[in-house]
Amino acid sequence: MVKTTISVIKADIGSLAGHVIVPDFLMELARKRLKEGVQKGIIKDFHVANAGDDLELIMTHDKGEGNEEVHKLAWDIFNEGAKLGREKKIYAAGQDILSDTFSGNVRGMGPGSAEMTIEERKSEPIVVFMADKTEPGAYNYPLFKVFADPFNTAGLVIDPNLHQGFTFVIQDIKRDTPHYVALDCPEELYDLLALLGSTGRYTIKKIYRRDGLVAASVSTDKLYQVAGKYIGKDDPVAIVRAHSGLPAMGEVLEAFTLPHLVAGWMRGSHIGPLMPVGMKDSRCTRFDGPPRVIALGFQVSNGMLLGPVDMFEDVAFDISRKRAMEAADYLRRHGPFMPHRLDDESMEYTTLPGVLKKLESRFSDKEIVPTGKAADNSDSAE
Ligand code: 13P
Ligand code: 13P
Ligand code: MG
Ligand code: MG
């Protein structure tokens, strides 16, 4: 059986007219360098896409996950692109490049990555989700629906091949070093939800069928943990396999029909709906959003990628987009108020503490009665 690794490595290395889209010259650079990567035998095949301002390198190879050569190929593209971007003065050039030196793989250096190694089945349909203006926990809700909710995935009930359920590997992303826990579903469904509901802390890393077959992989890289301050959102990617003993492609996509609320949007500081869009709408404009997700479908065939199919381009998702914009419009009316603006803990890594610091010394343990100075001033002005 052919063993293939799918590596999706992504970074925001600069964009046009604000945090909106990856410029063509960076897409072209990525294609050129990946083509050379194929010629050198580092990767087998690739597809380059943009999720808004994030440059997405979808690659296949036979070198396994976390491979130095493959990660270096991506890292060099991001660095060369950032340099070019700085010369051309594009916006936030080099945004996600947080290290000067490469140390084996891109983890902890700014870019995000989702990878999985599969034994290709007789036919191997996959979909790659790529989001902009949000964080890894954004996939908790839809991937839970796909692999654990029988109201979403008919196959969990009626297909004997997936009836036994799935194992979710969850990562606690708030710890300094990665910590994981594996929970079996349906038996531990309530424990699973107790974690997955905390989207800012616990994120799905991988999902396996009960016989060990890998079914999904998510990027869990948190930019602020690397940078120690807000520089942009993590804008996560996910790879999901479909069919033949796994949820059907339509069951996978169905989970994105509710534009559920996620953290991100303007300045990475707001709650907004995750809107599924086709490639043509992969650009976050209104209030730098709303957060968006694109989905590219492929057949993996002897290490090569056939496709892509622009999954959310379909009119069937128009109703979800309309719902998303209604929710976006409603939330926007709240302006700087929670819960549209994120809670205090989540704002710790934004630019808000800089503003609050100024006010710190003005707090008193006694209730303050204004002196009326302002009234005096207005009197004397008359
Ligand atoms: P990105 O994370 O997509 O760069 O967006 C940053 C931002 O602050 C948008 O308002
Ligand atoms: P500026 O400080 O360049 O305005 O960036 C803020 C930002 O990235 C929010 O989108
Ligand atoms: Mg950006
Ligand atoms: Mg982005």
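Counting starts at 1 for both ligands and their atoms, following the listed order. Keep in mind that this is a model prediction, so the values were computed, not measured.
Looking only at heavy atoms of the protein, atom 7 (C) of ligand 2 is closest to His19 NE2, 3.7 Å. The nearest protein atom to atom 9 (C) of ligand 2, hydrogens excluded, is given as Arg267 CG, 3.3 Å; this is a heavy-atom distance. Protein heavy atom in closest approach to atom 5 (O) of ligand 2: Tyr91 OH, 2.9 Å.
Side chains of Phe147 and Ile207 form a contact here, defined as non-hydrogen atoms less than 4.5 Å apart. Under the 4.5 Å side-chain criterion, counting only non-hydrogen atoms from C-beta, Phe46 is not in contact with Leu305.
Per-atom contact check: atom 2 (O) of ligand 2 does not touch the protein, criterion being a heavy-atom distance below 4.0 Å.
One hydrophobic cluster holds both Leu34 and Leu55 under the rule that ILVMFWY side chains link at heavy-atom gaps under 4.5 Å.
The two residues Ser217 and Lys206 have their closest heavy-atom pair at OG-CE, 3.7 Å.
For ligand 2, the atoms closer than 4.0 angstrom to any heavy atom of Asp288 are 10 (O).
Excluding waters, the set of protein N/O/S atoms under 2.8 Å from the Mg ion (ligand 3) reads Asp12 OD2, His19 ND1, Asp53 OD2, Gln95 OE1.
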Residues Lys83, Glu80; criterion salt bridge (Lys or Arg N to Asp or Glu O under 4.0 Å); working and verdict: CA-CA 5 Å; Lys83 189 165 170 279; Glu80 190 183 348; over 6 Å; no
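Judged purely by atom type and a 3.5 angstrom limit, His340 uses its side chain to pair as donor or acceptor with the backbone of Ile271. With hydrogens and angles ignored, the 3.5 Å screen pairs a side-chain donor or acceptor of Asp310 with a backbone N or O of Met279.
One finds a salt bridge joining Asp318 and Arg321 here, because a Lys/Arg side-chain nitrogen approaches an Asp/Glu carboxylate oxygen to under 4.0 Å. Using a cutoff of 4.0 Å between basic side-chain nitrogens and carboxylate oxygens, Asp12 and Lys233 are not scored as salt-bridged.
Draw a line from the Mg ion (ligand 4) to OD1 of Asp132 and another to OD2 of Asp235, and the angle between them is 90° (to 10°).
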